[in-house]
Amino acid sequence: MTLPPFQTVAIDLAERSYDIHIGSGLLCLDAMFDGLPRATSVLIVSNQTVAPLYAATLQASLGQRYAKVLLLALPDGEVHKNWQTLNLIFDALLQNGCDRKTLLVALGGGVVGDMTGFAAASFMRGVPFVQVPTTLLAQVDSSVGGKTGINHPLGKNMVGAFYQPLRVICDLDSLQTLPMRELSAGLAEVIKYGPIADLQFMDWLELNMDRLLARDADALAHAVRRSCEIKAWVVAQDEREGGLRAILNFGHTFGHAIEAGMGYGAWLHGEGVACGMVMAAKLSERLGLVDADFVARLKVLILRAGLPVLGPVLDAQDNAGRYLELMRLDKKSDAGEIRFVLIDGASKATVRGAPDALVREVIDACCRV
Ligand code: NAD
Ligand code: GLY
């Protein structure tokens, strides 16, 4: 049998190294699962939107090598990324007699991927898992690097574990059914790689944004591959975010505050990140790290991707105060000091604090009034 062309990005993490396969028609290829540990059962974890679209194809591929292929469709949405939904995965595993060799396969976006990864990290103290991301955001970011977890009502992704998948399979065809708003949200995480790591990639995005929005297969393949290469390069140096990895959170400090402050699901993660990148860039400018032209250029690119550049008002009385309150919960905070990912316009990012008064000014300038 001739395999369709696909590209592979390797992520080098010693004994936890794995491959990210990127291409078209990969879901129906049982060869994608070559070399994974033997198991009698597999549980595909998906959601009620994605399962009807892609689970049967994946079940058929997996059924060629695993005796029992089970499917669990979780409720869809960021609002369900919590303990109650996580428990549905443990219920399914235990009710079906799964053991510590059972393979978990996450089929869906970042919500399904993060929860399935956390379930894999903790069920029987760890079972193998594979990521099959079906959103652009998940293909370029959340399925790679081993961050797993759930939200807490008080903060985003507050409970979780670092736990690497054994493989990531990005079937670009699945992006064809993605709602436009979700495609744009994924582009936010693609755009972030430019200012923090690769200005040539930012140039390429400026030239190819229309092709990406039109879901051109070659353009998507390049964007996913380059994003994964950059993420793999960062994670290989700092798997557990002792330092460098924090740059991947460009825009996320403000973005997570928007997501939590608006109520999970009201703003998509990528939308919060998009707006957060504008705020973080503006803060970098106010600190003298980057010039206004670069901030304007980034803003235009974000707008062209169909993403918001103005933040919502989280509190009519003291909007900036509410942002600050939520951002103090950020995992990068150090002894109560909020730390921001800041850029220099030459693809270098730094992580540091900033005076509250300056942060307030930036929030005031970047929010709808
Ligand atoms: P999502 O998982 O909610 O998916 C977005 C929507 O698209 C959902 O309604 C989903 O059902 C639907 N969908 C998925 N694939 C589809 C397809 N092929 N066709 C049609 N519809 C489809 O959201 P997301 O943007 O993929 O992920 C966001 C989550 O990822 C957030 O919870 C965020 O915190 C997390 N995240 C994690 C990391 C990490 O490193 N672990 C990085 C970035 C983001
Ligand atoms: N998305 C940020 C990280 O994986 O570190």
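Below, each value reflects all heavy atoms present in this structure, side chains not excepted, and no hydrogens, waters or symmetry copies. Each ligand, and each atom within it, is numbered from 1 in the order the structure gives.
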Please state whether [X] comes within less than 4.0 angstrom of ligand 1, counting heavy atoms only.
X    : answer
E189 : yes
Q176 : no
S174 : yes
K231 : yes

Check your understanding: Under 4.0 Å from ligand 2, counting heavy atoms only, is it the side chain of V235, its backbone, both or neither?
Key ->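 Looking at V235 and ligand 2, no heavy atom falls under 4.0 Å.
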Just to confirm my output: which protein heavy-atom neighbour is closest to [atom], and how far is it?
atom                    : result
atom 34 (O) of ligand 1 : K156 NZ, 2.8 Å
atom 13 (N) of ligand 1 : V50 CG2, 3.7 Å
atom 35 (C) of ligand 1 : D114 OD2, 3.4 Å
atom 28 (C) of ligand 1 : L137 CD2, 3.8 Å
atom 24 (P) of ligand 1 : G110 N, 3.5 Å
atom 16 (C) of ligand 1 : L178 CD1, 3.6 Å
atom 1 (P) of ligand 1  : V111 CG2, 3.9 Å
atom 1 (N) of ligand 2  : D141 OD1, 3.1 Å
atom 4 (O) of ligand 1  : T135 CG2, 3.6 Å

Salt bridge [X]-[Y], side-chain N to carboxylate O under 4.0 Å:
X    : Y    : result
R322 : D315 : no
R360 : D318 : yes
K332 : D330 : yes
E361 : R286 : yes
R304 : E206 : no
K156 : E78  : yes
D356 : R328 : yes

Is [X] touching ligand 1 with its side chain, its backbone, both, or neither, if touching means heavy atoms under 4.0 Å apart?
X    : result
T49  : side chain
T148 : neither
L175 : neither

**Study point:** K147: numbered ligand 2 atoms lying under 4.0 Å from its heavy atoms
**Key:**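 Those qualifying, in numeric order: 2 (C), 3 (C), 4 (O), 5 (O).
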Check your understanding: What atoms in ligand 2 come closer than 4.0 Å to a heavy atom of K231?
Key -> 1 (N), 3 (C), 4 (O)
Can you list the ligand 1 atoms lying under 4.0 Å from a non-hydrogen atom of [X]?
X    : value
T177 : 17 (C), 18 (N), 19 (N), 20 (C)
K81  : 31 (C), 32 (O), 33 (C), 34 (O), 35 (C)
P179 : 20 (C), 21 (N)
D76  : 8 (C), 9 (O), 10 (C), 11 (O)
E182 : 5 (C), 6 (C), 7 (O)
N47  : 10 (C), 11 (O)
D141 : 42 (C), 43 (C)
Y54  : 18 (N)

**Study point:** Side-chain heavy atoms of D291 within contact of E285, under 4.5 Å
**Key:** no
Exercise for review: Indicate, with yes or no, if L93 and Y66 share a hydrophobic cluster defined by side-chain heavy-atom contacts under 4.5 Å among Ile, Leu, Val, Met, Phe, Trp and Tyr.
Suggested key: no
Near [X] [atom1], under 6.0 Å, is it more than 12 heavy atoms from other residues, nucleotides or ligands?
X    : atom1 : value
K331 : NZ    : yes
Q317 : CD    : no
K81  : NZ    : yes

Heavy atom to [atom], shortest distance: which of [options] holds it?
atom                    : options          : answer
atom 32 (O) of ligand 1 : E78, Q48, H269   : E78
atom 15 (N) of ligand 1 : L248, V235, T134 : T134
atom 38 (C) of ligand 1 : S142, G160, G146 : S142

Check your understanding: For the side chain to side chain donor-acceptor pair (under 3.5 Å) test, which of K147, H269, K231 pairs with D141?
Key -> K231
Exercise for review: Assert yes or no for the condition that the ring centre distance of Y193 to F250 is strictly below 6.0 Å.
Suggested key: no
Check your understanding: Quick one: does H252 get an N or O within less than 3.5 Å of an N or O on ligand 2?
Key ->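 It does not: no N or O of H252 is found under 3.5 Å from an N or O of ligand 2.
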Practice item. Would you mind telling me which of V45, L62, L43 makes a side chain to side chain contact (heavy atoms under 4.5 Å, CB included) with V105? Key: L62
**Study point:** Any donor-acceptor N or O pair under 3.5 Å, side chains S46, Y54
**Key:**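 No, no side-chain donor-acceptor contact under 3.5 Å.
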Point to revise | N or O contact, A138 vs ligand 1, cut-off under 3.5 Å | key: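 Looking only at distances, the answer is no, because the N/O contact criterion of under 3.5 Å is not met.
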Study note, to complete from the structure: In this structure, CG of L29 is separated from NE2 of H21 (nearest 0.5 Å) by 10.0 Å
Check your understanding: Quick one: which of Y323, F340, W267 gives a ring-ring contact (aromatic ring centres under 6.0 Å, His included) with F254?
Key -> F340
